[in-house]
There are 2 protein chains.
Amino acid sequence: MSNDRATQLEDALREAGVRITRQRAALLAVLAACDDHPDAAELHRRAEAAGAGVSLATVYRTLTTLQAQGVIDKLEFQGEPARWEPADQQHHDHMIDVETGQVIEFTNDRIERLQAEVAAEMGYEIVHHRLELYVRRRTRR
Amino acid sequence: MSNDRATQLEDALREAGVRITRQRAALLAVLAACDDHPDAAELHRRAEAAGAGVSLATVYRTLTTLQAQGVIDKLEFQGEPARWEPADQQHHDHMIDVETGQVIEFTNDRIERLQAEVAAEMGYEIVHHRLELYVRRRTRR
DNA sequence: TTCACTGCAAACACTTTGCAGAATA
DNA sequence: TATTCTGCAAAGTGTTTGCAGTGAA
């Protein structure tokens, strides 16, 4: 029988020359359990809560490493500390509810296409982009 | 004869209860002369170069004040210190050439409209948004 | 048995702030 | 004259790093 998802990921990382230490395994577990977009301090808190014993410096170093391996993506919203999300999903952009701080993911192919067109028209190709809608719940009129 | 643009702006600020000090006048002049997107340190440098004698702390405080007055906008690109631009222009988004760091402004009504639609579909209205295309000059194939 | 990784604490980059004196309106 | 503003230096926040020791492979 084959490995589970987490083990597969660890194997892949090992193959890339990344050592799976106790701390990294703990952080991978914390990240896998996320359905939100935590920052480094929050990930550190969750790892501690799970009894992991990881220093904050290691959290930062691990996040950088995992990003370099394409395992997670870094989100930098306005003035906040950087947040992180698993990278294995399909591309999407973010809406941030300015009242609650909640982050909602969305995609829109037409917007994506238009972005590429705009860039192309000016002689550029897009390396990556960032689209954030800072929104408020609509009030009935 | 009417005041020039700069003086009009100063009057408007004064009316809003903002005192026009030597330092603020100097910074307003530096900002008016900008056709790029400088950060606080760069604005400080330019003010110094103009012989203004302004402390960096005052540059930061002034930028905050001018932003609150709607005179300038704050731009926060990836990992860089915040940059600033005059707010009196029409809305636009930014392309950042990842090779040169150059910032190019652009607008696209269709993208704007689609953003509003996406938000509306999910029951939100947009407070503000941020669209940045990190691009590279197109190589001929 | 290597060599990547870790914790610690110090350093870092950018920005904000408390205070006492200076300057605007 | 009443505040608002300024400079200075110190503090703050989020993040990175040097070093000596630890542990994965």
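Proteins get letters first, then strands, A, B, ... in listed order; numbering begins at 1 in each. Computed from a prediction, not measured in an experiment: that's the story for all the values here. Reckoned from all heavy atoms, side chains included, excluding hydrogens, waters and symmetry mates.
Remark on the helix from dT1(C)-dA25(D) to dC14(C)-dG12(D): inter-end axis angle 30°, axes from five-pair C1' superpositions, rounded to 10°.
In this entry the distance linking CG of Leu75(A) with P of dT15(D) reads 12 Å, nearest Å. At whole-Å resolution of the value, CG in Asp39(A) and C1' in dG14(D) are 9 Å apart. When rounded to the nearest whole Å, the span between CZ of Arg83(A) and C1' of dT15(D) equals 17 Å. Nucleotide dC5(C) holds its P atom 13 Å from the CG atom of Leu28(A), rounded to whole Å. Look at CG on Leu13(B): it is 11 Å from P on dC5(D), rounded to the nearest Å. At whole-Å resolution of the value, CZ in Arg61(B) and P in dG7(D) are 8 Å apart. To the nearest angstrom, P of dT15(C) lies 14 Å from CD of Gln78(A).
Taking 4.0 angstrom as the limit, Arg24(A) places a side-chain polar atom (N or O) nearer than this to OP1 or OP2 of dC5(C). Remark: Tyr60(B) is in phosphate contact with dT15(C), judged by side-chain N or O atoms under 4.0 Å from OP1 or OP2. OP1 and OP2 of dT24(C) both lie 4.0 Å or more from every side-chain N or O belonging to Gln23(B). In this structure, Thr58(B) reaches the dG7(D) phosphate: one of its side-chain N or O atoms is under 4.0 Å from OP1 or OP2. The shortest distance between the side-chain N/O atoms of Thr21(B) and the OP1/OP2 oxygens of dT6(D) is below 4.0 Å.
For Ala57(B), whose side chain is taken as the heavy atoms from C-beta onward, the closest listed nucleotide among dT15(D), dC8(D), dT6(D) is dC8(D).
Residues Arg22(B) and Arg19(B) each lie close to DNA chain D; by heavy-atom proximity, the contact nearer the 5' end of the strand is made by Arg19(B).
For His94(A) and Phe77(A), the ring centers are positioned less than 6.0 Å apart. Proximity of the aromatic rings of His91(B) and His128(B) is defined here by a centroid distance below 6.0 angstrom, and this criterion is not met.
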Would Arg130(B) and Glu76(A) satisfy salt bridge (Lys or Arg N to Asp or Glu O under 4.0 Å), going step by step from the backbone distance to the final call?
CA-CA 12 Å; Arg130(B) 166 150 91 164; Glu76(A) 297 177 86; over 6 Å; no
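Sorted by first and then second residue, the pairs that involve residues 13-26 of chain B and meet salt bridge (Lys or Arg N to Asp or Glu O under 4.0 Å), not counting sequence neighbours, are Glu10(B)-Arg14(B), Asp11(B)-Arg14(B).
For the pair Arg136(B) and Tyr124(A), the cation-pi criterion (under 6.0 Å, within 45° of the ring axis) is not fulfilled.
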